[in-house]
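Chain A is the first sequence line, chain B the second, and so forth, proteins listed ahead of strands; every chain is numbered from 1. Only a predicted model underlies this, so the values are computations on that prediction, with no experimental measurement involved.
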Number of protein chains: 2
Amino acid sequence: MNIGQASKTTGVSERMIRHYERVGLMPPPDRRDNGYRDYSPQSIERLRFIANARGLGFSLEEITTLLGLWDNRERTSSEVKAVALAHADDLGRKAAALEAMRRALLELAEGCSGDSRPDCPILDGIAVS
Amino acid sequence: MNIGQASKTTGVSERMIRHYERVGLMPPPDRRDNGYRDYSPQSIERLRFIANARGLGFSLEEITTLLGLWDNRERTSSEVKAVALAHADDLGRKAAALEAMRRALLELAEGCSGDSRPDCPILDGIAVS
DNA sequence: CTTGACCCTGACATGATGTCAAGGTTGATG
DNA sequence: CATCAACCTTGACATCATGTCAGGGTCAAG
């Protein structure tokens, strides 16, 4: 399967497929006589794994770890779970941080008349806080 | 006030103070005879504004807009409020996306025994989903 | 005069991704 | 056969906010 087809069936851009290869997430695929990359069903499966992991917010570095575990029959599920829970924790902290910003901002905005006058507690709040 | 002192009193790194100047968020400060930057109280106030806005998650581009409004006595509070609410919306969407990832991940992790065996619904879930 | 604590500029790195340029390949159509 | 569109190749530059490092000037205290 050519890279264009691989991209279409996995939703991963050609750019990123090549990138994953460069950084070692994807093994170098077979090449046709003309030099074109040729992807096996296994490669497509791996690509999908990466795409799904990205969709869960894992970094490429974390995905390297996950793929290592995926490939390793000697893995323990506790290793996998530890990675997953650590990432879930990370997501939780980041979401909470964004929510805190949002609440602070809405609190400032609450006092703002939002009309044609220049007085604005939002600007005041940012200036002094 | 030298840049080191400005950095200490605002919590903004010297690197970023210079960066804000380069990208036009901060006006070029006065220079001493030796070429050292010399910050006025007004500059320090502006720096604090930027730092606080960053703390609320505004991008430097959004802060450019906010500073423009701050500087402009002809502004209307509705303009400011629109920027703030748009950003709050953005924050809300991003937080929700992270939370969704977290829930999906925790759901997968729930089925994982987390012991010494290799079977793991987390990896399975990432592989197929 | 030396030493340490400042300051200056410029450059490279991060992470994940887009985009563009310049070129080779292939298949179809005139 | 010539050509054109649709592929593929590699390499490079851009994004955004920030860190860090190199190589050099300045200044005050000992």
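Regarding Arg31(A), its CZ atom lies at a distance of 17 Å from the P atom of dG24(C), rounded to whole Å. Protein atom CG of Asp38(A) is 10 Å distant from nucleotide atom P of dT9(D), rounded to whole Å. Atom CD1 in Ile63(B) sits roughly 13 Å away from atom P in dC16(D) (whole-Å rounding). Note: CD (Glu14(A)) to P (dT9(D)) measures 7 Å, nearest angstrom. For the pair Ile17(B) CD1 and dC6(C) P, the computed distance is 14 Å after rounding to whole Å. Regarding Asp30(B), its CG atom lies at a distance of 13 Å from the P atom of dC8(C), rounded to whole Å.
Note on Glu45(B) versus Arg48(B): no salt bridge recorded, every NZ/NE/NH1/NH2 to OD/OE distance being 4.0 Å or above. Of the charged side-chain nitrogens involved, none lies within less than 4.0 Å of a carboxylate oxygen, so that Arg103(B) and Glu107(B) do not count as a salt-bridged pair. We find that Arg102(A) and Glu99(A) are joined by a salt bridge, their nearest charged nitrogen and carboxylate oxygen being less than 4.0 Å apart. Between Asp119(B) and Arg117(B) there is no salt bridge, since no side-chain nitrogen of the basic residue lies less than 4.0 Å from a carboxylate oxygen of the acidic one.
If you check every strand for non-hydrogen atoms under 4.0 Å, Arg18(B) touches a base.
Side chains of Thr65(A) and Glu62(A): no donor on one and acceptor on the other come within 3.5 Å.
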Please lay out, stage by stage, how Ile63(A) and Arg54(A) fare under the test side-chain contact (heavy atoms from CB on, under 4.5 Å). CA-CA 8 Å; Ile63(A) 294 174; Arg54(A) 285 295 297 136; 3.7 Å; yes
Take Glu61(B) and Thr64(B), measure what side-chain hydrogen bond (donor to acceptor under 3.5 Å, both in side chains) needs, and give me the verdict at the end. CA-CA 5 Å; Glu61(B) 192 177 358; Thr64(B) 301; over 6 Å; no
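Here the side chain of Lys81(A) pairs a donor or acceptor atom with the backbone of Cys112(B) at under 3.5 angstrom.
Proximity of Asn2(B) to the phosphate of dC6(C): no side-chain N or O atom is located under 4.0 Å from OP1 or OP2. Within the structure, every side-chain polar atom (N or O) of Arg37(B) is placed at least 4.0 Å from both OP1 and OP2 of dC7(C).
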Please list, pair by pair, any protein nitrogen or oxygen found under 3.5 Å from a nitrogen or oxygen in nucleotides 15-17 of chain C.
unit_1	atom_1	unit_2	atom_2	d
dA16(C)	OP1	Leu60(A)	N	2.8
dA16(C)	O3'	Arg54(A)	NH2	3.0
dT17(C)	OP1	Arg54(A)	NH2	3.3
dT17(C)	OP2	Tyr20(A)	OH	3.1
dT17(C)	O4	Arg15(A)	NH2	3.0

Short heteroatom pairs, N/O only, protein and nucleotides 25-29 of chain D, under 3.5 Å:
unit_1	atom_1	unit_2	atom_2	d
dG25(D)	N2	Tyr36(B)	OH	2.9
dT26(D)	O4'	Tyr36(B)	OH	3.3
dC27(D)	OP1	Asn34(B)	ND2	3.4

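You'll find the side chain of Ile126(B) stays beyond 4.5 Å of the side chain of Trp70(A), heavy atoms only. Residues Met16(A) and Ser13(A) are in side-chain contact: their nearest non-hydrogen atoms beyond the backbone lie under 4.5 Å apart.
Atom CE of Met1(B) and atom CG of Leu47(B) lie 10.0 Å apart (nearest 0.5 Å).
Taking five base pairs at each end of the helix from dC1(C)-dG30(D) to dG30(C)-dC1(D), the local helix axes there meet at an angle of 40°, rounded to 10°.
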